[in-house]
Every structure is written in structure tokens, then in C-alpha cells.
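A short worksheet on the structure shown next.
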Amino acid sequence: MAQQTNGNEKRLQKSHSLNEPKLVAPPRRKRLSLRHLSAYFNQSVTADTLIGSELTHIEQHAVPDNLKEDVAHLTKGLHMVKVRGAGKQYSRHFELTPDLMGIRQCDSKKWIKRGNSYFDLAEIKEIRSGWNTDVFQAAQKRASYHEPLEEAHCFSLVLGEKHDTLDLIADSEEDRSCWLTVLNTLVKRQKYSALRRRHFKWVKNHFLASDANRDGVLNFEEVMNVLGQMNINMDRHHAKNIFNKADVKKQKNKKEEDALDPEEFVRFYTLLRHRPEIDKIFQEFTKDDDDDFMDPEELQEFLKKAQKADVSVDECRAMIQKYEPLQENKEVDVLSGEGLRQLLLGAEQDIFNLRCNQIYQDMTRPITHYFIDSSHNTYLMEDQLRGPSSIEAYKRALQKGCRCVEMDLWDGNNGEPIIFHGHTLTSKILFKDALTACMEYAFKTSDYPVILSMENHCSVEQQKMVASHLKDILGSTLWYIDLDDTVTEMPSPEKLRGKIVVKGKRLPPPYPDPNVVDEDEVSDEDEAAEIVDEIITKELTKKVGKTGKKVKLAKELSDRVLLKSVHFSNFELAKAKCKCYEMSSFVEKKAEKLISTEPASYVEHNKLFLSRIYPNGLRTDSSNYSPIDMWNVGCQIVALNYQTAGKQMQLYKGKFQDNGKCGYLLKPAALQDARSTFNPNKPETYGCKPKLLTIKIISGQRLPKPGGSMKGEVIDPYVVVSVHGVPPDNQKVKTKIIMDNGFNPLWDETFKLKIQMPELALVRFTVYDYDVRSKNDFVGTYTLPFTCMQEGYRHIRLHGEDMERLHHSCMFVELQVE
């Protein structure tokens, strides 16, 4: 609590120990103004620096009583066997670190000194029991294994952005249970503290990297070197002033120079984070110049006027209690400048509207009325010719929200169908293993239906085995019905909730023989699966001609297909002959040609039937095409190579953030309405209501160096804002270049963008590092649907090229829509 003061004298207590943190308020007064902000920042521990040893102290004491014995057991360590991909076993000692933030391993003689001897619990993406990784699946099948694996002793940790696995065998079922229980508890708890710990780790790593002589302190020159590593180019005089404010302990290094210890360095960094652009907003919405603060009524005015949010005074009071860091201000319901900064960094004030994080669209329309999150050759981890196939790829795709996965089925050994990219050197996996993975992960992210897109190249006998596995593994989860002329409309995602459906070839009724030759030509993707280059494609087309290639189908498999694959000839024939449950697949080049020559007809076709688009066969590197044009004409299943990061996947996942990331997005009325036509090249003819988007790019915060490097020059960032939608809406603008400042660049530039078809528009924000000598480097990006943007002052959380969040890196913008 504050000391009593006489008159106008203001004194601020300071705590200098992270072990006993205190967030000390200024002298008791009714209102805290911006004049006290710098004093507040000089406290040894702020709301942003409840980290390090103090956070560890809190977390250790947060362990539930019923787990303390297990935690103590694991901090001493247990013996386990590590299993590697080649089937080798390594005896290791594993233990929780005392701070409960990581796991260390050693062999029987000494601690391993390699880089993988320790990993942070924050790296754990998933914890699996049993044989639920490729390593264990392969290991338990190996005849050369010296002893059988006990599945009840096995578990795996999925780690990092690449989803590497640490596959372990405990000595007993009890030991495994101990690890699983404790790790699940700690990892779950870390969701609430991970950002603060990452912040501490980031600052700490920079401190340690610059402490060359390991004396535990940094002098001013060393601190300036750290600023360069952090992407900060600061005037030395200004930096020295902040250094002096942070140097409260007045310590000296061995050369008798002023120096900062880790705690003071955290204080130094906190002072750097001051946001003058937010101070300006704060002052604009406070009425009393002498006492700068926001009471609930002023906060309400700010939220209504600037943020376009309809909130009550009571809701504003609740926000003050949530975001104001000082108890002194909470007691009198006022928000300080630091409180406003915290509020604007809250999820509710992000550019992405939290309403879109929920399923809010009508899910009872026919499935043809939705865009569906889909992947191509889902089983591949890398390229299309030599890369590995893996059941992990199915798990990852489904966890990322994919609702349509692909399975290329071929005859395997011992009567078991396999999945691989035919006529290539890609590895093979068992169909039943992939199906088991799909069953386990289908509804972890979304309850809405999963489509198994099957390309069938199996013999009749192995087709029967496919049908048997579908029945045995999926059971009642598999949804299929007898398809005949009485079926006139496809079921809705809501009706198919929690179900898996199959897309593939299907026999036409009646069925005189269980081994019937299908009367239809092979579908486009079946042709593509049997070729490697375009020359062979053309030759195959010449040979197939009008009669087409025939496929033998087993009735058992045919009966389990809901979405029937058919060859596409033209739109007129499809409208005249196709049933609602029949669908065609289009290679990207064919789809692009149809979009170019018959866009309105393609839109009408997609109002009635499902269309699947897949990449050109020449994309052997698993690169992706742009999905935008396909969505503009209403194609529902636009399949991309999920394993390939980059701009196209960023656009793709940006779109499917909407509607609670459930994998199904209701198409705009223009792409559903059977009573009118729509041409994406001329959206104004449909009666669309254009919007004028005004974007002010204000600032950036803690932009990383390309590739996350700590070395190299401070970046020269600039921002590109691009709109992706119907052709008239495709446009981009860019800001000026800010030289030598990746920490807090200030652009303060405004752009106006007219958008004809907001319902189909995606807005992409990308930061680049200008390089006069070579290609400008990618720094970070974020994409979202226009309809999910919030007006007002908003933060944009940046993501890397692989769509992983760049923690603490963001942009600050102001948006208006007219």
C-alpha cells in the first residue's frame, strides 16, 4: 500500500526483489493521471513482468495437492526407454526441472550435452498414450524387435512446429500414468501463463547472449548491443536516460562501470514498451486535462465512438476491473493510460471479431451451400514424388480444421489396401491405419462432417476389404443411404454432425452382379492419379477418347459412398443429367479455364452440385494455387496441399477462421440464390452493396528479424495491405519504409479501399523488411475475412510463414467502414 504523504509530495515505494514482488500503487488519491505513468513503470515488478522466478514461485504453489507427490517423484526423475524411427531403443533418465517448465534427459553415465537434452513444456502440442505415432506403429510391427512392446507402458509427446515426436516406454503402467497425469496438468495450466513465460524467456535469452563474460550484469554498451539484437535502433542519449532510470541498485561490473542485472534489465525493457500513440488516444477521450484518467462514462464514450461497440457503464466498470493494473485505481473505478494499453491488447479489441470465433451461421442448408475446408493428397508430408506418407498428416490436417481429406487407394500386400501417390516413390501406409487416425481425430476440432475423398485403384477383392474396414472402424459414424431418384437435396452439415461420409465411385442401380463394370467414365482425378506429367495426360486422353476408361467396383464399397464422383463434360449436360449427390473434380487449370470463359455458368452449377478443385500434376513440389478465383464462383471443396506453408495457405486458413473454425462457411447469397445470376467479374450487376474501407496503419510492436534470427542488422519494415476477392476488389497498398526500427516503428499512414463484394473479400496485412540489394524479406502476416473485421483501434497479431503465431509481434491500426 502507499505511504502517507504530506501536501502534494508524491512518493513511490519500489521493490527490488523478484522473489517478493509487489505492485505498489502511487500515493492514495482519487485519480491516477499520466503524470504518474513513468513512476509506475519504475517499479521493479509491473503487470507485464510478473515473470521469471516470481512466476515460477506462483506456478509451483499452483500444483494441486493431489499431484504434489507425483511432481516430487518426477523432479527426481524416472528411467524410461526412448524409441527412435529406425526401431532403436535408448535407455534414458528423464526428470522434470525444478521450475516445472521443462524436461531434461540423461543417459546412464552423464547428462546429454546435445541441444535436445532439454525441452520446454511449452513445446508440447499434444500428449498421446499407447502406439499413436508413426514411430510406435512401425516399431511394434518390426519382427527384429528384441522384445514386444507393452502398449500400456507407451506414450508420446508431439513437440514444436514440425510436430516431431518423443516416443517413450515407461518401466511400468504406474510410471506412465504418473507422467501423463502431471504433464497433462502442467501443459493445460501453461495455456494461461505461456505468454508471460515466453516474454521472460525472450528477454532472458537476449540478456544471456550479451553477457559475454558471464558476470551477471550488462554495462551500457552491452545493453546497446542487446537493443540491436532486439531490432531496436535508439538514440544513445534516450537509451542512456532509460538505462539510468532502470539502474536502481547502482551496481558496478568488474571494470567499475554502471551495470544492470537481469531484474533491472527487465525494468529497462518495460520502460521501452511505452506507447505514445496510445497515450494520444487516451488524452483525446479524457475530459480533465489536470487529472488524466478514464472513468466508466469516458470509457463507454471511447468504446462507442472509436470502437463502435455498444456497451453499458456496468460493462465498462467490469473492463476496468479486468485491465487496470493498479488496485488503487480499481477501487475508484478509473482506468489509467497503462490500463487502456492493456485493454487494447485484450482479445476483445483485436481486429478479428470474437463473434466469428463462434458458430453463428445457419448450418441447416444443403451441404452444397458451404465452402468446405479441404486438403489434397492429405497423406503426404512433403513433395508429390519422393516424400513420406504418414498417418500423422491426417491427424495434423484434422486438428487444423480440415473437413475433407484425400485417400488414394491401391492394392497392398497380404490383402490389405494401402495409401500412397500412385506411380511415384512416395512411401506407403495402410488404409486401415489412416482410417483409424481419421476416426480418432475427426471431431477434435469440429463436430461437423468429415468427407473421405477416395480415389479407388484397388482390385475388387481389396475394395471389399476397404468396405469392411469402413464398417468395422467407423461403425455408426459412417453415414450413407440408398441413393435414387427420390433424393432431391443433399443433407445439411447439421444433419451430418458427428458423421463421416465417403466420396468416390458408385454403381448405378440396379445391381445384377456384385462385380459390376461401372458405366461411367473415370473421373478427372482418377485419370490424374495415374500420370506424372502433362505429356502422358494428353496421350491418355487420346487413348481414352469418348468411350472412357472403365473401373470394376465392388458393391460392398459402392453402397458406402454418399457423394458419387462423375466425369464432367459441360454445364448443360450436368444440369440435365446429374443427381444432387453427384459431384465432379476439376484440376486447377480446367477450373481456371471455366472461370475465365463461363463464370456465371460455373456459379449456377455450384448452386446445385459439389465441385472439388485439386492442384495441377506438375506441382510436384506440393506448391499451391490461389483458392480465391475458385471461391468466387462457389466451388465448395477447394483442396490445397496442407503441408506447404506460404501465401496461398495463409489466405486459405485466414478465410476458415470464420464461423468458429468449424470448417464449413455458408456461401454468400449471390452464390446460393437460384432466382438470380451472379458474375464475379461484374458483381455490381447482382446488386451488391460496396463498402469503403479506411485503414490507418499506425505502428508495429516487436517485429522479429526474418527467420527469427537474433543476428544481422535492424530491419527496415514496411506494410503491404492487400484485398483478395472478386477481380474488381483485388488491390494492394503499401506504407513508407521505416529505417532501422523493428521494435516500435511508427507509420501513421491512411489508405482508402473500395470493396464491391465484401462477403467474398479477404484482407491481408503483411510486413516486409526492405533490402536495397536483394529481395525484400517476409517478416509476418495476418489474413482475415472482411466480414470478421472490427472497426476502431485494433491490434493485429502477426503470424509467421507457417501460420504459427509470432508471440508479442503485432501491428496497431485504425479501421473505419462506410
Side-chain angles (χ1 to χ4, degrees), residues 41 199 202-212 218-246 260 265-280 341 695-721 732-751 765-782 795-801 806-813:
F41 272 118
H199 173 79
W202 185 80
V203 177
K204 177 185 175 184
N205 285 345
H206 281 289
F207 182 94
L208 294 176
S210 297
D211 185 17
L218 299 181
N219 64 21
F220 179 68
E221 292 302 324
E222 289 173 320
V223 168
M224 290 302 293
N225 289 334
V226 177
L227 294 185
Q229 295 173 12
M230 288 179 163
N231 239 348
I232 305 170
N233 186 22
M234 180 176 288
D235 175 74
R236 289 179 65 87
H237 178 71
H238 181 50
K240 184 62 174 176
N241 286 337
I242 297 177
F243 181 95
N244 291 336
K245 289 180 180 180
L260 305 181
F265 184 70
V266 170
R267 184 182 298 107
F268 175 86
Y269 177 74
T270 302
L271 289 169
L272 290 179
R273 297 180 64 196
H274 184 58
R275 298 278 300 276
E277 70 272 31
I278 293 181
D279 289 348
K280 184 178 179 181
R341 186 180 78 86
I695 300 177
K696 185 177 184 180
I697 306 295
I698 301 174
S699 62
Q701 289 77 45
R702 230 179 88 174
L703 305 178
K705 294 181 180 180
S709 173
M710 290 175 63
K711 299 179 179 179
E713 298 177 346
V714 174
I715 67 170
D716 308 321
Y718 68 94
V719 180
V720 175
V721 182
K732 66 179 179 181
V733 293
K734 68 177 183 179
T735 67
K736 60 192 175 188
I737 299 164
I738 303 296
M739 304 303 292
D740 294 331
N741 190 349
F743 188 76
N744 55 358
L746 186 66
W747 289 284
D748 209 21
E749 289 189 67
T750 301
F751 306 96
F765 299 83
T766 309
V767 182
Y768 294 96
D769 175 21
Y770 173 73
D771 193 325
V772 69
R773 294 181 297 273
S774 61
K775 181 182 177 182
N776 298 334
D777 293 317
F778 172 92
V779 174
T781 191
Y782 183 71
H795 279 96
I796 300 174
R797 315 290 175 169
L798 293 176
H799 292 67
E801 202 149 15
L806 298 175
H807 294 287
H808 304 291
S809 298
C810 60
M811 292 166 50
F812 189 49
V813 301

Side-chain (Ser699) to main-chain (Pro745) donor-acceptor, under 3.5 angstrom: no
Stepwise side chain to side chain contact (heavy atoms under 4.5 Å, CB included) check, Leu260 with Phe220: CA-CA 8 Å; Leu260 305 181; Phe220 179 68; over 6 Å; no
Side-chain heavy atoms of Leu746 within contact of Ile698, under 4.5 Å: yes
For the student: nearest non-hydrogen atoms of Met224 and Ala239, plus distance: SD-CB, 3.7 Å
Any residue meeting salt bridge (charged side-chain N to carboxylate O under 4.0 Å, His left out) with Lys696, in chain and number order, not counting sequence neighbours: Asp748
Flag, side chain of Trp747 to backbone of Lys736, donor-acceptor distance under 3.5 Å: yes
Stepwise side chain to side chain contact (heavy atoms under 4.5 Å, CB included) test for Val226 and Leu218: CA-CA 9 Å; Val226 177; Leu218 299 181; 3.9 Å; yes
Check: Gln701 and Asn744 side chains under 4.5 Å, non-hydrogen atoms: no
Lys732, NZ: over 12 other non-hydrogen atoms inside 6.0 angstrom: no
Donor + acceptor pair across side chains of Ser210, Glu222 (<3.5 Å): no
Exercise: identify the closest heavy-atom pair between Leu806 and Pro704: CD1-CG, 4.0 Å
Listed pairs under 3.5 Å, donor-acceptor, residues 765-772 side chains, sequence neighbours left out:
from   : atom 1 : to     : atom 2 : distance (Å)
Thr766 : OG1    : Arg764 : NH1    : 3.3
Thr766 : OG1    : Thr781 : OG1    : 3.0
Asp769 : OD1    : Asp716 : N      : 2.8
Asp771 : OD1    : Arg773 : N      : 2.9
Asp771 : OD1    : Ser774 : N      : 3.4
Asp771 : OD2    : Ser774 : OG     : 3.0

Non-hydrogen side-chain atoms of Phe268 and Val223 separated by less than 4.5 Å: yes
Non-hydrogen side-chain atoms of Val721 and Ile697 separated by less than 4.5 Å: yes
Interatomic distance, Phe243 atom CZ to Leu227 atom CG [nearest 0.5 angstrom]: 11.0 Å
Donor-acceptor pair, side chain of Arg267 and main chain of Ala246, under 3.5 angstrom: yes
Residue pair Tyr718 / Lys734: nearest heavy atoms and the distance that separates them: CE1-CD, 4.1 Å
CD1 on Ile737 to OG1 on Thr735, rounded to 0.5 Å: 8.0 Å
Inter-residue atom distance Met739.CE - Glu713.CD, 0.5 Å rounding: 9.0 Å
Student check: side-chain heavy atoms of Ile796 and Phe812 closer than 4.5 Å: no
Nearest non-hydrogen partners of Ile715 and Leu703, listed with the distance: CD1-CB, 4.0 Å
Lys/Arg cation over aromatic Tyr782: Arg797, 6.0 Å, 45° cone: no
